[in-house]
2 protein chains.
Amino acid sequence: MRLTTKGRFAVTAMIDLALRDEGGPVTLAAISERQGISLSYLEQLFGKLRRHSIVESVRGPGGGYTMARTLETVTVADIIAAVDEPLDATMCGGKEDCHETGRVGGGLQEGTPKGQCMTHDLWATLNKKMHEYLESVTLAQLVRQQRDRMAASQAAQQAGAPAVQNVIVDHRKPGVRGTPAIA
Amino acid sequence: MRLTTKGRFAVTAMIDLALRDEGGPVTLAAISERQGISLSYLEQLFGKLRRHSIVESVRGPGGGYTMARTLETVTVADIIAAVDEPLDATMCGGKEDCHETGRVGGGLQEGTPKGQCMTHDLWATLNKKMHEYLESVTLAQLVRQQRDRMAASQAAQQAGAPAVQNVIVDHRKPGVRGTPAIA
DNA sequence: GATATACTTGAGTCAATTAGTCGGGCTTGC
DNA sequence: GCAAGCCCGACTAATTGACTCAAGTATATC
């Protein structure tokens, strides 16, 4: 299981979509604006999500994306698997001869327990545990959680704090080229 | 928590060291040969392990590395933390808008939401779970496991199995032995 | 004290991967 | 038939991970 910002972007975007799915198709342009993710990048992400039947697209004016399944049946693991393609993180490719392949400068020496990677089980188990957790979290849970949060901060605002709308998170690290990260 | 091959190499090398620690200092050159890891790279790794008090070095002829603590007190998490430096995997790095509210408890939806980073808790919890698992596995367990494996393959050879080089694959896959199940 | 062994350090190289961008197509509602 | 919006594949700049090199320093033994 690979964990990159790509997967995180995808989860964030999916929460955004799920939050407003009821009002018909949601455009990528809108998600892009709200979440501060570039439109081109979102297209790339949602192309994969669509091919994995997590979302559906509606073309033409008034189009956009909608959920392809109920929120309860979409897990974080599904989303990450969809955008991050290759899924194994055991690092020794599921085979036992982890060390030999690709090693420069000759393989292993004789007289040693070779033929299997001493740490294989360790990584395999870790991988399984990570997967189990991500599979246990559904989009429905994240949406509910986010709704709670929004309600709470709204309450705080009414208590006197100035409104902050359109909160945009900048996932990018400083020093990247291209358009500066929003406001 | 970062997971790279560097961490994997380090764990592998540590198991190798632990397996022969009793016979005095083990040289990096020997580990390098047995495990097929370049000497220079091992030097880099063990420099960090030493600075984190996981191993001790003995200089001069007959020198090498020894364990600085007992096998029971060294966890996989320790080793990985030593070589892969800090960096948490929540990905919404400390600096960004993602206002982390001194998270330790880890429970979802804590008070005072900042409306930012909708996925922070998700990654923070995942991170915690990974850490918990890696912390639950000690070097002692891995060594025991490896000794079992070696004994088993030796027995297989003596039992008249046509000595197929040293390519002995572990058929039984009973998960990781000796690892306490974490919640 | 010369010498060989082995640890120590830090800077440097190189290739793979990531995180995007660009630009042109296709579909469909109005 | 135009424009909103999805669709798709090629392209690329940075970053990072993996690994090397070279020049040390410390110490045991003869």
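The sequence lines fix the lettering, A, B, ..., with proteins before strands; numbering per chain opens at 1.
- Ring orientation note: the planes of Phe9(B) and Tyr41(B) are nearly perpendicular, at an angle over 60° on the 30°/60° scale.
- When the nucleotides dG25(C), dC22(C), dC19(D) are ranked by their closest atom to the side chain of Phe9(B), dC19(D) comes out on top.
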Would Val137(A) and Gln145(A) count as a side chain to side chain contact (heavy atoms under 4.5 Å, CB included) if you check the C-alpha gap in whole Å, the side-chain angles of each, and the deciding distance to 0.1 Å? CA-CA 11 Å; Val137(A) 181; Gln145(A) 190 182 319; over 6 Å; no

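- Among dT5(C), dT20(D), dT21(C), the nucleotide with an atom closest to any side-chain atom of Pro61(B) is dT5(C).
- The separation between Lys6(B) atom NZ and dT20(D) atom C1' is 13 Å, rounded to whole Å.
- As rounded to whole Å, 15 Å separates atom P of dA4(D) from atom CG of Leu28(A).
- Nucleotide dA4(D) holds its C1' atom 12 Å from the CD atom of Glu43(A), rounded to whole Å.
- The phosphate of dC7(D) (OP1 or OP2) has a side-chain N or O of Ser57(A) nearer than 4.0 angstrom.
- For the residue pair Arg144(B) and Gln141(B), no side-chain donor N or O sits within less than 3.5 Å of a side-chain acceptor on the partner.
- Checking side-chain atoms of Arg147(A) against main-chain N and O of Leu19(A) turns up a donor-acceptor pair under 3.5 Å.
- Rounding to whole angstrom units, NZ of residue Lys48(B) and P of dG17(D) are separated by 10 Å.
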Kindly determine whether Val76(A) and Thr119(B) satisfy side chain to side chain contact (heavy atoms under 4.5 Å, CB included), including the steps that lead there. CA-CA 11 Å; Val76(A) 174; Thr119(B) 59; over 6 Å; no

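- Judged purely by atom type and a 3.5 angstrom limit, Thr125(B) uses its side chain to pair as donor or acceptor with the backbone of Asp121(B).
- Between the C1' atom of dC7(C) and the CG atom of Leu49(B) lies a distance of 14 Å, rounded to the nearest Å.
- Between the side chain of Ser32(B) and the main chain of Ile37(B), a donor-acceptor pair closer than 3.5 Å is present.
- At the phosphate of dA18(D), OP1 or OP2 sits under 4.0 Å from a side-chain N or O atom of Thr4(B).
- For the side-chain contact (heavy atoms from CB on, under 4.5 Å) test with Tyr65(A), the passing option among Val58(A), Thr27(A), Leu28(A) is Leu28(A); the others fail.
- Across the protein-nucleic acid pair, Leu45(A) atom CG and dC6(D) atom P stand 14 Å apart, rounded to whole Å.
- The side chain of Ser38(B) places no N or O atom within less than 4.0 Å of a non-bridging phosphate oxygen (OP1 or OP2) of dA18(D).
- Residue Tyr65(A) is classed as a sugar-phosphate contact, given heavy-atom separations below 4.0 Å to backbone atoms only.
- Comparing the helix axis at one end of the helix from dG1(C)-dC30(D) to dC30(C)-dG1(D) with that at the other, each defined from 5 consecutive pairs, gives an inter-axis angle of 10° (nearest 10°).
- Residue Arg51(A) has no polar side-chain atom (N or O) positioned under 4.0 Å from OP1 or OP2 of dC7(D).
- Atom pair Phe46(B):CZ and dC19(D):C1' shows a separation of 16 Å (rounding to whole Å applied).
- The base of dC8(D) is not paired with the side chain of Gln44(A) by any donor and acceptor separated by under 3.5 Å.
- An OP1 or OP2 oxygen of dA18(D) is reached within less than 4.0 angstrom by a side-chain nitrogen or oxygen of Thr5(B).
- Residue Thr27(B) is in sugar-phosphate contact alone, with no base atom involved, counting any heavy-atom pair closer than 4.0 Å across all strands shown.
- The nearest heavy atom of DNA chain C to Gly62(A) and to Arg50(B) marks one nucleotide each, and the one closer to the 5' end goes with Arg50(B).
- Asp84(A) places its CG atom 12 Å from the C1' atom of dT17(C), with the value rounded to the nearest Å.
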